[in-house]
A.B. asks: 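Here it is, the structure, as structure tokens.
Naming: A, B, ... by sequence-line order, numbering from 1 per chain.
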2 protein chains.
Amino acid sequence: MSIIFSRKCEYGIQAVLLLTTEQQGGIHTAEEIANRLKIPKEFVSKILQELTVNGIIFSKKGKSGGFALAKNPNELKLLDIVLAIDGPDIFNRCVLGFPNCSDKAPCPLHYKWSQMINQTFNMLGDETMDKFKQLTINKIESIQ
Amino acid sequence: MSIIFSRKCEYGIQAVLLLTTEQQGGIHTAEEIANRLKIPKEFVSKILQELTVNGIIFSKKGKSGGFALAKNPNELKLLDIVLAIDGPDIFNRCVLGFPNCSDKAPCPLHYKWSQMINQTFNMLGDETMDKFKQLTINKIESIQ
DNA sequence: ACATAATCAGATTTTTTTATCTGATTAAAA
DNA sequence: TTTTAATCAGATAAAAAAATCTGATTATGT
């Protein structure tokens, strides 16, 4: 199957979106996140840890602990989440897998693709956060 | 690692591009294709078979056999190749993995993403074939 | 007709990704 | 201070994708 993001990355983005729908400081446990998104708890725990290490979210240990957004959602870009989870490969690697693809020796998709990548992966910055939140809330509800 | 296309799909696209750089009817063996693209021969053989079944390329069996483009390159779209190898999943599946994502209940990336998909996956139709061929030749040479 | 060189088909192995398990550590609440 | 409920860390298992192997079939060229 062709995929765009790894499963890990999909779950990570979903989790961040869920946290985004809450007030700043609204804290959720890994189990709660897993249940609402219907994804494996242990797996999402690992991903939440990576997001924590990379400063996208923060974690509170111990009883009544959990996870919450570290940044103001307005400053958050999709780029940051993907970088935190899967690293820079998706941006460095040629979309068709040609090893020497570059601006100077571009593959047939090179220009359109990097244009698209820039547009898409910076999107959480220029969308208004209200609209974004609303869409996300709809989505979370539609899962349940 | 986040990827865009499966490895299988990448190899398939690369192989078709290689065939595109030849005159219509120019035939190449799986081994030749594997060597020029520096990808595993047995794996690309399988992929070439799938492309054959789906009518993207045709195969000639026996001695002096091999593979060649089945269509006029002008009629060929990236979409066709991806569909032949990985099926329609990439177009049906939500980019963020939300199970109920649709036009009516869109995920935050839904609209931008489908816009991008349409632009990108139909591209081999509206690019002029000469330019496309030139880019591909550059690319193949830069690998070696 | 025979040898050769290719595709084709299916099974198997290896590697990577996804998912699970176990236990340690942390901190709040009783 | 003890119990409880959470993150954290590392090992392991299961599933999927990528790669390899073996042999059969096909058709060309000698």
A.B. asks: Looking at residues at least two apart in the chain, or sitting in another chain, which of them share a side-chain hydrogen bond (donor to acceptor under 3.5 Å, both in side chains) with Asn92(A)?
C.D. replies: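 With sequence neighbours excluded, Asn92(A) shows a side-chain hydrogen bond (donor to acceptor under 3.5 Å, both in side chains) to no residue whatsoever.
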A.B. asks: Figure out the CZ/C1' separation between Phe5(B) and dA17(D), and round it to whole Å.
C.D. replies: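 Atom CZ in Phe5(B) sits about 17 Å away from atom C1' in dA17(D).
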A.B. asks: Round to a whole Å and report the spacing from CG of Asn54(A) to C1' of dC8(D).
C.D. replies: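 Distance, rounded to whole Å: 16 Å.
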A.B. asks: Determine: side-chain N/O of Ser45(A) to OP1/OP2 of dT7(D), distance under 4.0 Å, yes or no.
C.D. replies: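 No, because none of the side-chain N or O atoms of Ser45(A) sits under 4.0 Å from OP1 or OP2 of dT7(D).
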A.B. asks: Ignoring backbone atoms, establish whether Tyr11(A) has a side-chain N or O less than 4.0 Å from OP1 or OP2 of dA19(C).
C.D. replies: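 Checking Tyr11(A) against dA19(C): at least one side-chain N or O falls below 4.0 Å of OP1 or OP2.
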A.B. asks: Report the distance from atom CD of Glu32(B) to atom P of dA5(C), rounded to the nearest whole Å.
C.D. replies: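 Those two atoms, CD and P, are 15 Å apart.
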A.B. asks: CD1 of Ile27(A) versus P of dA27(C): gap in Å, rounded?
C.D. replies: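 Roughly 13 Å, once rounded to whole Å.
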A.B. asks: What is the distance from CZ of Arg7(B) to P of dT17(C), rounded to the nearest Å?
C.D. replies: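 After rounding, the gap between these two atoms is 9 Å.
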A.B. asks: Is it the case that the side chain of Gln14(A) and the backbone of Leu96(B) share a donor-acceptor pair, with hydrogens and angles ignored and the cut-off at 3.5 Å?
C.D. replies: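 Yes: the side chain of Gln14(A) pairs with the backbone of Leu96(B).
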A.B. asks: Spell out protein contact along nucleotides 25-30 of chain D as letters: B when the base is contacted, S when just the sugar-phosphate is, - when no protein heavy atom is under 4.0 Å; keep the 5' to 3' order.
C.D. replies: -BBB--
A.B. asks: I'd like to check the salt bridge (charged side-chain N to carboxylate O under 4.0 Å, His left out) partners of Glu50(B); sequence neighbours left out, ordered by chain and number.
C.D. replies: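 Listed in chain order: Lys8(B).
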A.B. asks: If I take atom CG in residue Leu51(A) and atom C1' in nucleotide dC8(D), what distance separates them, rounded to the nearest angstrom?
C.D. replies: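 The answer, rounded to whole Å, is 15 Å.
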A.B. asks: Report each atom pair, protein N/O against N/O of nucleotides 20-22 of chain D, whose distance is under 3.5 angstrom.
C.D. replies:
none

A.B. asks: Check side chain to side chain contact (heavy atoms under 4.5 Å, CB included) between Glu32(B) and all other residues, then give those that pass, not counting sequence neighbours.
C.D. replies: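 Listed in chain order: His28(B), Thr29(B).
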A.B. asks: Are the side chains of Leu109(B) and Leu78(A) in contact, using a 4.5 Å heavy-atom criterion?
C.D. replies: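 They are in side-chain contact.
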A.B. asks: What are the two closest heavy atoms between Val95(A) and Cys107(A), and how far apart are they?
C.D. replies: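 The answer is CG1-SG, 4.3 Å.
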A.B. asks: Atom CD1 of Ile33(B) to atom C1' of dT7(C): distance rounded to whole Å?
C.D. replies: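 To the nearest whole Å, that distance equals 12 Å.
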A.B. asks: Quick one: is dT7(C) close enough that its OP1 or OP2 comes under 4.0 Å of any side-chain N or O from Thr52(B)?
C.D. replies: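 Indeed not, no polar side-chain atom of Thr52(B) lies that close.
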A.B. asks: Output yes when Glu10(B) and Arg93(A) qualify as a salt bridge under the 4.0 Å nitrogen-oxygen rule, no when they do not.
C.D. replies: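 Yes.
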A.B. asks: Below 30° counts as parallel, above 60° as perpendicular, anything between as tilted: where do the rings of Phe43(A) and Tyr11(A) land?
C.D. replies: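 Taking Tyr11(A) first and then Phe43(A), their aromatic rings stand perpendicular (interplane angle over 60°).
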A.B. asks: Could you check how far CD1 of Ile57(A) sits from C1' of dA6(D), rounded to whole Å?
C.D. replies: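 Going from CD1 in Ile57(A) over to C1' in dA6(D) covers 14 Å.
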A.B. asks: Quick one: list whatever passes salt bridge (charged side-chain N to carboxylate O under 4.0 Å, His left out) with Lys46(A), sequence neighbours left out.
C.D. replies: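 Per chain and number, Lys46(A) pairs via salt bridge (charged side-chain N to carboxylate O under 4.0 Å, His left out) with no residue.
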